[in-house]
Every structure is written in C-alpha cells, then in structure tokens.
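Structure first, then comments.
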Amino acid sequence: MDARFYNAVAQLSDVGTVAIRSLRHDDKERLLGLFRRLMRRSIYFRFLGEDKKDVTPDELAYYTEIDFENHVALAACLNEGGEERIVGVGRYTVSEESKSSKSAEVMFCVGDEYQGRGIGTALLDHLVRIARTQGIEKFEGRLFASNSRMFSVLEKSGFTLKSVKESGGIVHTEFSIKK
Ligand SMILES: CC(C)(COP(=O)(O)OP(=O)(O)OC[C@H]1O[C@@H](n2cnc3c(N)ncnc32)[C@H](O)[C@@H]1OP(=O)(O)O)[C@@H](O)C(=O)NCCC(=O)NCCS
C-alpha cells in the first residue's frame, strides 16, 4: 500500500459517508479553514491547553507536506456545495526514539459541527490500517484526562488503553494496534 495515495470511503454513524484520503501539500487552505472554524474547546484539547490563535506558514507546511513514512496524515472530506471541505484530520508521527519501540504518536481533530458522527473513529481505523502495513505496533498520545470524547473513540474501537498520569491534567496513553 502506498499511503501517499490512500483513498477510502467511511460510513458515518448517522447518514452518509465521508471520504478518507491522504493529506496533500495543496490542502493548506482547506486545513486552515478547518482550524479557523474550530471552537476554543477543541483547540484546547488538540493543542493541550495552548491558546492557539492561528497557524503559521511554517506550521501549515509541516502539517501538509507529509513524507508518509515518519509522518502520515489523513483528511476526512465532505463535499459541500460542490466544494471539497476537510472536516477532520488524523495523523501520526514516528520519532527516532519511537522507531525502536515500533510506536507512533497519534493526533486527531474533527470540526466541531461534525463531531459525534463517527469521523474520528473512521480516521483512527484508517490510520491503524496504514500503520500496520508500516510495521507500527503501538499508538500513543498525550491527552487531557477530561477528553472523554477522544477516550471514548479509542475504547469503542476496541483498544485496551494503558494510561499514565502526567502533570497538568495530562495523561499519556498507549495501545497496541497489533492484529
Ligand atoms: C476527539 C475527536 C477527534 C473525536 O472525533 P469525533 O468525530 O467526534 O468522534 P466519533 O464521532 O467517531 O466518536 C465520538 C464518540 O465520543 C462519544 N461522545 C459523543 N459525545 C460526547 C460527549 N459530549 N462527551 C463525551 N463523549 C462523547 C461517543 O461515544 C461517540 O461515540 P458514538 O457516536 O459511537 O457513541 C473530536 O471530538 C475532536 O477533534 N476533538 C478536539 C480535538 C481533540 O480532542 N483531539 C484529540 C487529542 S489529539
């Protein structure tokens, strides 16, 4: 599987479907659109309390210019009024240290008006599929303990979480994605 050209369709929990595809370098405006529509609460959870007001050009380059080896990112897209809109993003990164433990750090963000419809769950499912083909055996992440929606996505997807409390209400959580 070449993750650079990943393309799938996922069923939403209400009606309809969402396209899940590799994030591309030409997605900068669409990604910015997703960020700028996010509510403070979602920014707080995604960026672990950082009061992030905007995305810099360098950050936007980092978020969209993906090598699909050490950094894999998928966009969830809906067609609205004939235009493709990115309504969610899931990504994982593999650091030098995490290579030996075959683990990757995973992050998600779904636009507020689209949350609770299964998009986060679909992004996780497709990231797991790609990660398995790349020999990754474990996902990990740092989450606010109060992020019940994210924990619910992970648990309902059937993963057994191993969580360790850090400071500031943050939990380091990891789970095996081995079949
Ligand atoms: C966490 C996040 C990615 C989940 O995405 P999503 O598309 O809403 O997730 P889903 O719709 O697949 O699943 C949400 C689940 O959360 C649960 N849920 C729904 N509303 C909830 C609420 N208000 N409180 C707690 N849990 C809730 C449900 O169990 C739901 O599953 P169900 O529909 O099967 O019952 C999304 O809410 C988000 O982007 N949040 C802000 C950023 C963030 O927290 N990122 C994670 C850290 S990197």
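Note that the numbering runs from 1 along the sequence shown for the chain. The analysis underlying the following values was restricted to heavy atoms, covering all of them including side chains, and did not include hydrogens, waters or symmetry mates. Order of listing sets the numbers, starting from 1, for every ligand and every atom in it.
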Give me the nearest non-hydrogen protein atom to [atom] as residue plus atom name, then the distance to 0.1 Å.
atom                    : answer
atom 39 (O) of ligand 1 : V110 N, 2.6 Å
atom 11 (O) of ligand 1 : G118 N, 2.7 Å
atom 34 (O) of ligand 1 : K156 NZ, 3.4 Å
atom 38 (C) of ligand 1 : Q115 NE2, 3.5 Å
atom 16 (O) of ligand 1 : R149 CG, 3.3 Å
atom 7 (O) of ligand 1  : G120 N, 2.8 Å

Could you tell me which atoms of ligand 1, counted from 1 in the order shown, lie closer than 4.0 angstrom to a heavy atom of [X]?
X    : result
S148 : 24 (N), 25 (C)
S42  : 41 (C), 42 (C)
R117 : 11 (O)
L143 : 47 (C)
S152 : 15 (C), 16 (O), 17 (C), 28 (C), 29 (O)
M150 : 1 (C), 46 (C)

From the candidates F151, F108, F47, F144, the one that places a heavy atom nearest atom 48 (S) of ligand 1: F108
Please tell me whether [X] and [Y] are part of a single hydrophobic cluster in this structure, the criterion being side-chain heavy atoms less than 4.5 Å apart.
X    : Y    : answer
F45  : V89  : no
F108 : F175 : yes
V110 : Y6   : yes

Any G116 heavy atom less than 4.0 Å to ligand 1: yes
C109 touching ligand 1 at heavy-atom level, < 4.0 angstrom: yes
Centroid-centroid under 6.0 Å between Y63 and F35 rings: no
Side chain, backbone, both or neither: T121 near ligand 1, heavy atoms under 4.0 Å: both
Mode of N147 contact toward ligand 1 - side chain, backbone, both, neither (heavy atoms, under 4.0 Å): side chain
Test item: L143 and L154 side chains (from C-beta on) under 4.5 Å apart, heavy atoms: yes
Residue pair L48 / I170, side-chain heavy-atom distance below 4.5 Å: yes
V153, any N or O under 3.5 Å of ligand 1 N or O: no
Check: T64/D27 side-chain N/O donor and acceptor closer than 3.5 Å: no
Side-chain donor-acceptor pair present, S42, Q115, cut-off under 3.5 Å: yes
Heavy atoms of other groups near E83 CD, more than 12 under 6.0 Å: no
Nearest heavy atoms of F68 and Q134, plus distance in Å: O-NE2, 2.9 Å
Side-chain (Q11) to main-chain (G16) donor-acceptor, under 3.5 angstrom: yes
